Amino acid sequence: MNRDWIATARTLSEALPYLQRYSGAIVVVKFGGNAMGDQEAMAEFARDIVLMRQVGVNPVVVHGGGPMINDMLSKLGIESEWVRGKRVTDKKTVEVVEMVLTGLVNKRIVQAIMDEGGRAVGLSGKDDDMMVCEADDPELGFVGKPVEMNVQVLRDLFAAGIIPVIAPVATGMKDNETFNVNGDTAAGAIAGALKADRLLLLTDVSGVKNKEGEIVTQMTPDDVRDMIADGTIAGGMIPKTETALKAVEDGVRAVVIMDGRVSNACLLELFTEHGAGSMIRTTPPRVVPRT
(Lines give C-alpha, C1' and ligand atoms only; values in the text may rest on other atoms or scores of the structure.)
Protein backbone atom coordinates (compact mmCIF):
# COMPACT_ATOMS: atom_id res chain seq x y z
CA MET A 1 0.00 0.00 0.00
CA ASN A 2 1.25 3.49 -0.85
CA ARG A 3 2.90 4.96 2.25
CA ASP A 4 1.48 8.39 1.47
CA TRP A 5 -2.04 6.98 1.75
CA ILE A 6 -1.21 5.40 5.09
CA ALA A 7 0.26 8.69 6.34
CA THR A 8 -2.85 10.54 5.19
CA ALA A 9 -5.13 8.10 7.01
CA ARG A 10 -3.01 8.40 10.17
CA THR A 11 -3.14 12.19 9.99
CA LEU A 12 -6.92 12.14 9.70
CA SER A 13 -7.18 9.76 12.64
CA GLU A 14 -4.91 11.92 14.79
CA ALA A 15 -7.00 14.97 13.93
CA LEU A 16 -10.17 13.49 15.45
CA PRO A 17 -9.82 15.11 18.92
CA TYR A 18 -9.25 18.49 17.33
CA LEU A 19 -12.19 18.07 14.94
CA GLN A 20 -14.36 17.28 17.96
CA ARG A 21 -12.88 20.17 19.92
CA TYR A 22 -13.71 22.78 17.27
CA SER A 23 -17.09 21.47 16.17
CA GLY A 24 -19.46 24.44 16.46
CA ALA A 25 -16.65 26.88 17.26
CA ILE A 26 -16.46 30.34 15.68
CA VAL A 27 -13.10 31.05 14.05
CA VAL A 28 -12.40 34.48 12.53
CA VAL A 29 -9.62 34.50 9.93
CA LYS A 30 -7.96 37.71 8.75
CA PHE A 31 -6.79 37.02 5.20
CA GLY A 32 -4.42 39.27 3.29
CA GLY A 33 -0.86 39.70 2.12
CA ASN A 34 0.77 37.99 -0.82
CA ALA A 35 -1.72 35.10 -0.94
CA MET A 36 -4.48 37.40 -2.15
CA GLY A 37 -2.70 38.03 -5.43
CA ASP A 38 -1.71 34.41 -6.06
CA GLN A 39 -4.40 32.26 -7.65
CA GLU A 40 -3.00 28.97 -6.35
CA ALA A 41 -2.57 30.32 -2.81
CA MET A 42 -6.10 31.74 -2.92
CA ALA A 43 -7.49 28.36 -3.96
CA GLU A 44 -5.61 26.58 -1.17
CA PHE A 45 -6.86 29.08 1.41
CA ALA A 46 -10.43 28.69 0.14
CA ARG A 47 -10.14 24.89 0.32
CA ASP A 48 -9.03 25.13 3.96
CA ILE A 49 -11.96 27.40 4.81
CA VAL A 50 -14.43 25.04 3.11
CA LEU A 51 -12.95 22.07 4.99
CA MET A 52 -13.35 23.97 8.27
CA ARG A 53 -17.02 24.56 7.51
CA GLN A 54 -17.45 20.92 6.42
CA VAL A 55 -16.25 19.59 9.80
CA GLY A 56 -18.52 21.87 11.81
CA VAL A 57 -16.42 25.00 12.36
CA ASN A 58 -18.08 28.36 11.74
CA PRO A 59 -15.40 30.35 9.87
CA VAL A 60 -15.59 34.08 9.18
CA VAL A 61 -13.16 35.54 6.64
CA VAL A 62 -12.17 39.20 7.01
CA HIS A 63 -9.88 40.52 4.29
CA GLY A 64 -7.73 43.49 3.42
CA GLY A 65 -6.63 44.67 0.01
CA GLY A 66 -4.06 47.45 0.32
CA PRO A 67 -2.09 46.63 -2.86
CA MET A 68 -5.26 46.50 -4.95
CA ILE A 69 -6.36 49.87 -3.56
CA ASN A 70 -2.97 51.36 -4.38
CA ASP A 71 -3.20 50.03 -7.94
CA MET A 72 -6.65 51.50 -8.49
CA LEU A 73 -5.72 54.90 -7.03
CA SER A 74 -2.75 54.97 -9.39
CA LYS A 75 -4.91 54.06 -12.40
CA LEU A 76 -7.39 56.79 -11.52
CA GLY A 77 -4.65 59.36 -10.99
CA ILE A 78 -5.64 60.04 -7.38
CA GLU A 79 -2.65 61.20 -5.37
CA SER A 80 -2.52 60.49 -1.66
CA GLU A 81 -1.49 62.76 1.17
CA TRP A 82 0.43 61.29 4.09
CA VAL A 83 0.52 62.20 7.78
CA ARG A 84 3.14 60.55 10.00
CA GLY A 85 3.62 57.83 7.41
CA LYS A 86 -0.10 57.04 7.15
CA ARG A 87 -2.34 57.68 4.16
CA VAL A 88 -5.02 60.33 4.53
CA THR A 89 -8.30 58.80 3.40
CA ASP A 90 -10.28 61.67 1.89
CA LYS A 91 -13.71 61.36 0.28
CA LYS A 92 -12.37 60.37 -3.15
CA THR A 93 -10.04 57.80 -1.64
CA VAL A 94 -12.68 56.18 0.56
CA GLU A 95 -14.94 55.80 -2.50
CA VAL A 96 -12.14 53.88 -4.25
CA VAL A 97 -11.51 51.83 -1.11
CA GLU A 98 -15.16 50.81 -0.94
CA MET A 99 -15.27 49.98 -4.64
CA VAL A 100 -12.13 47.81 -4.53
CA LEU A 101 -12.69 46.04 -1.20
CA THR A 102 -16.42 45.33 -1.44
CA GLY A 103 -16.28 44.64 -5.17
CA LEU A 104 -13.14 43.23 -6.71
CA VAL A 105 -11.44 41.73 -3.64
CA ASN A 106 -14.47 40.52 -1.73
CA LYS A 107 -16.09 38.78 -4.67
CA ARG A 108 -12.81 37.17 -5.71
CA ILE A 109 -12.60 35.45 -2.32
CA VAL A 110 -16.29 34.50 -2.39
CA GLN A 111 -15.80 32.95 -5.84
CA ALA A 112 -12.74 31.01 -4.67
CA ILE A 113 -14.73 29.49 -1.79
CA MET A 114 -17.62 28.64 -4.10
CA ASP A 115 -15.20 27.03 -6.57
CA GLU A 116 -14.07 24.67 -3.78
CA GLY A 117 -17.62 23.56 -3.06
CA GLY A 118 -18.46 25.91 -0.20
CA ARG A 119 -21.26 28.41 0.23
CA ALA A 120 -20.16 31.99 0.82
CA VAL A 121 -21.73 35.44 0.95
CA GLY A 122 -19.77 38.67 0.63
CA LEU A 123 -20.54 41.50 3.05
CA SER A 124 -19.00 44.69 4.34
CA GLY A 125 -19.21 46.30 7.74
CA LYS A 126 -22.00 48.46 6.33
CA ASP A 127 -24.40 45.56 5.87
CA ASP A 128 -27.04 45.45 8.61
CA ASP A 129 -24.95 48.13 10.41
CA MET A 130 -22.53 45.37 11.34
CA MET A 131 -19.70 47.81 12.08
CA VAL A 132 -20.31 51.44 13.02
CA CYS A 133 -17.24 53.65 13.30
CA GLU A 134 -15.99 57.04 14.29
CA ALA A 135 -12.83 58.70 12.99
CA ASP A 136 -9.75 57.09 14.51
CA ASP A 137 -7.70 60.26 13.89
CA PRO A 138 -9.32 63.36 12.35
CA GLU A 139 -6.08 64.15 10.52
CA LEU A 140 -6.35 60.84 8.62
CA GLY A 141 -9.85 61.51 7.32
CA PHE A 142 -12.19 58.55 6.86
CA VAL A 143 -10.11 55.96 8.71
CA GLY A 144 -12.47 54.33 11.15
CA LYS A 145 -12.39 52.94 14.67
CA PRO A 146 -15.27 50.53 15.46
CA VAL A 147 -17.50 51.81 18.25
CA GLU A 148 -20.61 49.68 17.72
CA MET A 149 -20.91 46.10 16.46
CA ASN A 150 -24.05 44.26 15.32
CA VAL A 151 -23.22 40.67 14.36
CA GLN A 152 -26.57 38.88 14.36
CA VAL A 153 -26.44 38.63 10.56
CA LEU A 154 -23.29 36.51 10.92
CA ARG A 155 -25.01 34.13 13.33
CA ASP A 156 -27.89 33.84 10.86
CA LEU A 157 -25.42 32.88 8.13
CA PHE A 158 -23.79 30.27 10.39
CA ALA A 159 -27.21 28.68 10.94
CA ALA A 160 -27.66 28.47 7.17
CA GLY A 161 -24.25 26.86 6.64
CA ILE A 162 -22.91 29.93 4.82
CA ILE A 163 -19.40 31.35 5.18
CA PRO A 164 -19.35 35.16 5.64
CA VAL A 165 -16.60 37.04 3.77
CA ILE A 166 -16.30 40.59 5.11
CA ALA A 167 -14.69 43.67 3.61
CA PRO A 168 -13.41 46.15 6.24
CA VAL A 169 -15.56 49.07 5.13
CA ALA A 170 -17.95 50.50 7.71
CA THR A 171 -20.66 53.05 8.20
CA GLY A 172 -20.34 56.09 10.48
CA MET A 173 -22.53 57.74 13.08
CA LYS A 174 -23.74 60.29 10.52
CA ASP A 175 -25.86 59.64 7.44
CA ASN A 176 -24.02 58.60 4.25
CA GLU A 177 -20.70 58.30 6.08
CA THR A 178 -18.19 55.64 5.02
CA PHE A 179 -15.02 54.58 6.82
CA ASN A 180 -12.06 52.48 5.77
CA VAL A 181 -11.03 50.19 8.65
CA ASN A 182 -7.70 48.44 9.04
CA GLY A 183 -8.25 44.76 8.23
CA ASP A 184 -6.71 43.47 11.47
CA THR A 185 -8.74 45.97 13.50
CA ALA A 186 -11.96 44.92 11.75
CA ALA A 187 -11.21 41.22 12.28
CA GLY A 188 -10.50 41.82 15.96
CA ALA A 189 -13.70 43.80 16.45
CA ILE A 190 -15.80 41.14 14.71
CA ALA A 191 -14.14 38.32 16.67
CA GLY A 192 -14.71 40.19 19.92
CA ALA A 193 -18.37 40.85 19.14
CA LEU A 194 -18.87 37.15 18.32
CA LYS A 195 -16.88 36.01 21.37
CA ALA A 196 -15.02 33.82 18.89
CA ASP A 197 -13.04 30.79 19.95
CA ARG A 198 -10.11 31.81 17.75
CA LEU A 199 -8.92 34.84 15.83
CA LEU A 200 -6.29 33.87 13.28
CA LEU A 201 -4.27 36.82 11.95
CA LEU A 202 -2.56 35.60 8.79
CA THR A 203 0.53 37.69 8.05
CA ASP A 204 3.75 37.55 6.05
CA VAL A 205 5.84 36.71 9.13
CA SER A 206 6.11 33.55 11.24
CA GLY A 207 4.85 35.10 14.47
CA VAL A 208 6.08 37.18 17.40
CA LYS A 209 9.81 36.85 18.03
CA ASN A 210 11.76 37.25 21.26
CA LYS A 211 15.08 39.09 21.64
CA GLU A 212 16.93 36.02 20.33
CA GLY A 213 14.84 36.02 17.15
CA GLU A 214 12.93 32.87 18.12
CA ILE A 215 9.18 32.51 17.63
CA VAL A 216 7.27 32.74 20.92
CA THR A 217 4.54 30.12 20.63
CA GLN A 218 2.54 30.98 23.78
CA MET A 219 2.02 34.42 25.31
CA THR A 220 -0.23 36.10 27.87
CA PRO A 221 -1.41 39.71 27.51
CA ASP A 222 1.11 40.71 30.19
CA ASP A 223 3.89 39.08 28.17
CA VAL A 224 2.86 41.10 25.13
CA ARG A 225 2.74 44.36 27.05
CA ASP A 226 6.18 43.72 28.53
CA MET A 227 7.64 42.96 25.09
CA ILE A 228 6.15 46.14 23.65
CA ALA A 229 7.49 48.18 26.58
CA ASP A 230 11.05 46.87 26.23
CA GLY A 231 11.08 47.18 22.45
CA THR A 232 11.11 43.46 21.64
CA ILE A 233 7.82 43.90 19.80
CA ALA A 234 8.25 46.82 17.43
CA GLY A 235 7.20 48.26 14.09
CA GLY A 236 4.28 46.65 12.30
CA MET A 237 3.94 43.92 14.94
CA ILE A 238 2.77 46.47 17.53
CA PRO A 239 -0.66 47.12 15.98
CA LYS A 240 -1.17 43.38 15.36
CA THR A 241 -0.46 42.50 18.98
CA GLU A 242 -2.57 45.42 20.18
CA THR A 243 -5.44 44.05 18.07
CA ALA A 244 -4.87 40.69 19.75
CA LEU A 245 -4.95 42.25 23.23
CA LYS A 246 -8.20 44.07 22.50
CA ALA A 247 -9.79 40.91 21.07
CA VAL A 248 -8.85 38.83 24.12
CA GLU A 249 -10.14 41.61 26.37
CA ASP A 250 -13.44 41.54 24.46
CA GLY A 251 -13.86 37.80 25.02
CA VAL A 252 -12.00 36.00 22.22
CA ARG A 253 -10.60 32.79 23.70
CA ALA A 254 -7.24 33.03 21.90
CA VAL A 255 -5.57 34.95 19.08
CA VAL A 256 -2.88 33.46 16.85
CA ILE A 257 -0.50 35.58 14.78
CA MET A 258 0.76 33.24 12.08
CA ASP A 259 2.42 32.98 8.68
CA GLY A 260 -0.26 32.82 6.01
CA ARG A 261 2.36 31.83 3.41
CA VAL A 262 2.66 28.37 4.98
CA SER A 263 0.56 25.76 3.20
CA ASN A 264 -2.62 24.87 5.08
CA ALA A 265 -1.68 27.23 7.92
CA CYS A 266 -5.20 27.38 9.36
CA LEU A 267 -5.52 23.59 9.41
CA LEU A 268 -2.12 23.23 11.08
CA GLU A 269 -3.21 25.59 13.83
CA LEU A 270 -6.62 24.12 14.48
CA PHE A 271 -6.29 20.41 13.76
CA THR A 272 -2.75 19.37 14.73
CA GLU A 273 -0.86 19.12 17.99
CA HIS A 274 1.88 21.41 16.74
CA GLY A 275 -0.14 24.53 16.01
CA ALA A 276 1.34 27.48 14.13
CA GLY A 277 2.62 30.94 14.97
CA SER A 278 2.24 32.82 18.27
CA MET A 279 -0.83 32.26 20.44
CA ILE A 280 -1.98 35.02 22.79
CA ARG A 281 -4.48 34.13 25.49
CA THR A 282 -5.16 35.06 29.10
CA THR A 283 -3.96 31.76 30.59
CA PRO A 284 -1.81 29.47 28.44
CA PRO A 285 -2.62 25.75 28.72
CA ARG A 286 -0.14 23.75 30.77
CA VAL A 287 0.22 21.00 28.23
CA VAL A 288 -0.22 20.53 24.51
CA PRO A 289 -2.45 20.36 22.56
CA ARG A 290 -3.07 24.11 22.62
CA THR A 291 -6.73 24.37 23.60
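Predicted model only: the values in this text are computed from it and were never measured. Atoms considered below: every heavy atom in the structure, side chains included; atoms not considered: hydrogens, waters and symmetry mates.
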For this session: Without swapping roles, check the side chain of Thr232 against the backbone of Lys211 for a donor-acceptor pair under 3.5 Å.
Result: no
Exercise. Closest approach of Gly260 and Leu202, non-hydrogen atoms and distance?
Worked result: CA-CG, 3.9 Å
Exercise. So do the side chains of Asp90 and Glu81 get within less than 4.5 Å of each other, counting heavy atoms only?
Worked result: no
Exercise. Got Arg108 and Met68 here, is their nearest side-chain heavy-atom distance under 4.5 Å?
Worked result: yes
For this session: Please report the closest heavy-atom contact between Val50 and Glu116, naming both atoms and the distance.
Result: CG1-O, 3.7 Å
For this session: Flag yes if more than 12 heavy atoms outside Glu40 fall under 6.0 Å of its CD atom; otherwise flag no.
Result: no
Exercise. Does any non-hydrogen side-chain atom of Asn150 lie less than 4.5 Å from one of Asp128?
Worked result: no
Exercise. side-chain contact (heavy atoms from CB on, under 4.5 Å) with Glu242: which residues, sequence neighbours excluded?
Worked result: Ile228, Ile238
Seminar exercise, completed: Rounded to the nearest 0.5 Å, the CZ atom of Arg87 sits from the CG atom of Leu73 at a distance of 5.5 Å
Exercise. Distance-only, no hydrogens or angles: does the Lys195 side chain make a donor-acceptor pair with backbone N or O of Asp250 under 3.5 Å?
Worked result: yes
Problem set entry | Ser74 and Asp71: side chain donor to acceptor below 3.5 Å | no
Exercise. Nearest 0.5 Å, what's the OG1-CG distance between Thr243 and Leu199?
Worked result: 8.0 Å
Seminar exercise, completed: Taken to the nearest 0.5 Å, the spacing of Leu51 CG from Arg47 CZ works out to 10.0 Å
For this session: Could you walk me through whether Leu154 and Leu123 pass side chain to side chain contact (heavy atoms under 4.5 Å, CB included), step by step?
Result: CA-CA 10 Å; Leu154 302 183; Leu123 304 167; 3.9 Å; yes
For this session: For the residue pair Met42 and Ile109, establish whether any side-chain heavy-atom pair is separated by less than 4.5 Å.
Result: yes
For this session: Could you pull out the closest heavy-atom pair between Val60 and Ile190, with the gap in Å?
Result: CG1-CG2, 4.5 Å
For this session: Can you measure from CG (Leu268) to CG (Asp48) and round to the nearest 0.5 angstrom?
Result: 8.5 Å
Problem set entry | Flag side-chain contact, heavy atom, 4.5 Å: Glu98 against Val94 | no
Seminar exercise, completed: Closest heavy-atom pair, Asp230 versus Met227, reported as atoms and distance to 0.1 Å, is OD1-O, 2.9 Å
For this session: Using the test side-chain contact (heavy atoms from CB on, under 4.5 Å), find all partners of Ile162 that sit at least two apart in sequence or belong to another chain.
Result: Arg119, Val121, Leu157, Ala160
Exercise. At what distance, to the nearest 0.5 angstrom, does CE of Met72 lie from CE of Met99?
Worked result: 4.5 Å
Exercise. Are the side chains of Ile166 and Met131 in touch, meaning some heavy atoms are under 4.5 Å apart?
Worked result: no
For this session: Indicate yes or no: does Asp259 engage Arg261 in a salt bridge with an N to O separation below 4.0 Å.
Result: yes
Exercise. Could you walk me through whether Leu194 and Arg155 pass the side chain to side chain contact (heavy atoms under 4.5 Å, CB included) check?
Worked result: CA-CA 8 Å; Leu194 287 168; Arg155 299 187 187 280; 4.1 Å; yes
Problem set entry | Any residue meeting side-chain contact (heavy atoms from CB on, under 4.5 Å) with Ala189, in chain and number order, not counting sequence neighbours | Pro146, Met149
Exercise. Ignoring hydrogens and geometry, is there a side-chain-to-backbone donor-acceptor pair from Thr93 to Thr89 under 3.5 Å?
Worked result: no
Exercise. Are there more than 12 heavy atoms of other residues, nucleotides or ligands under 6.0 Å from atom CD of Glu212?
Worked result: yes
Exercise. Quick check: are there more than 12 heavy atoms from other residues, nucleotides or ligands sitting under 6.0 Å from NZ of Lys246?
Worked result: no
Exercise. Closest approach of Cys266 and Val29, non-hydrogen atoms and distance?
Worked result: SG-CG1, 4.0 Å
For this session: May I have all residue pairs that pass ring pair (Phe, Tyr, Trp, His ring centres under 6.0 Å) and include part of residues 161-215, sequence neighbours excluded?
Result: Phe142-Phe179
Exercise. Can you list every pair that meets ring pair (Phe, Tyr, Trp, His ring centres under 6.0 Å) and has a residue in residues 153-178, with sequence neighbours left out?
Worked result: none
Problem set entry | Interatomic spacing from CD1 in Ile257 to CE in Met219 - rounded to 0.5 Å | 7.5 Å
Problem set entry | ring pair (Phe, Tyr, Trp, His ring centres under 6.0 Å) pairs, two or more places apart, involving residues 67-123 | none
Exercise. When the ring planes of Phe271 and Tyr22 are compared, do they come out parallel, tilted or perpendicular, using 30° and 60° as the limits?
Worked result: perpendicular
For this session: Check whether any side-chain heavy atom of Thr185 lies under 4.5 Å from a side-chain heavy atom of Lys145, and answer yes or no.
Result: no
Problem set entry | Heavy-atom closest contact (Ile113 atom, Ile49 atom, distance) | CD1-CG2, 4.3 Å
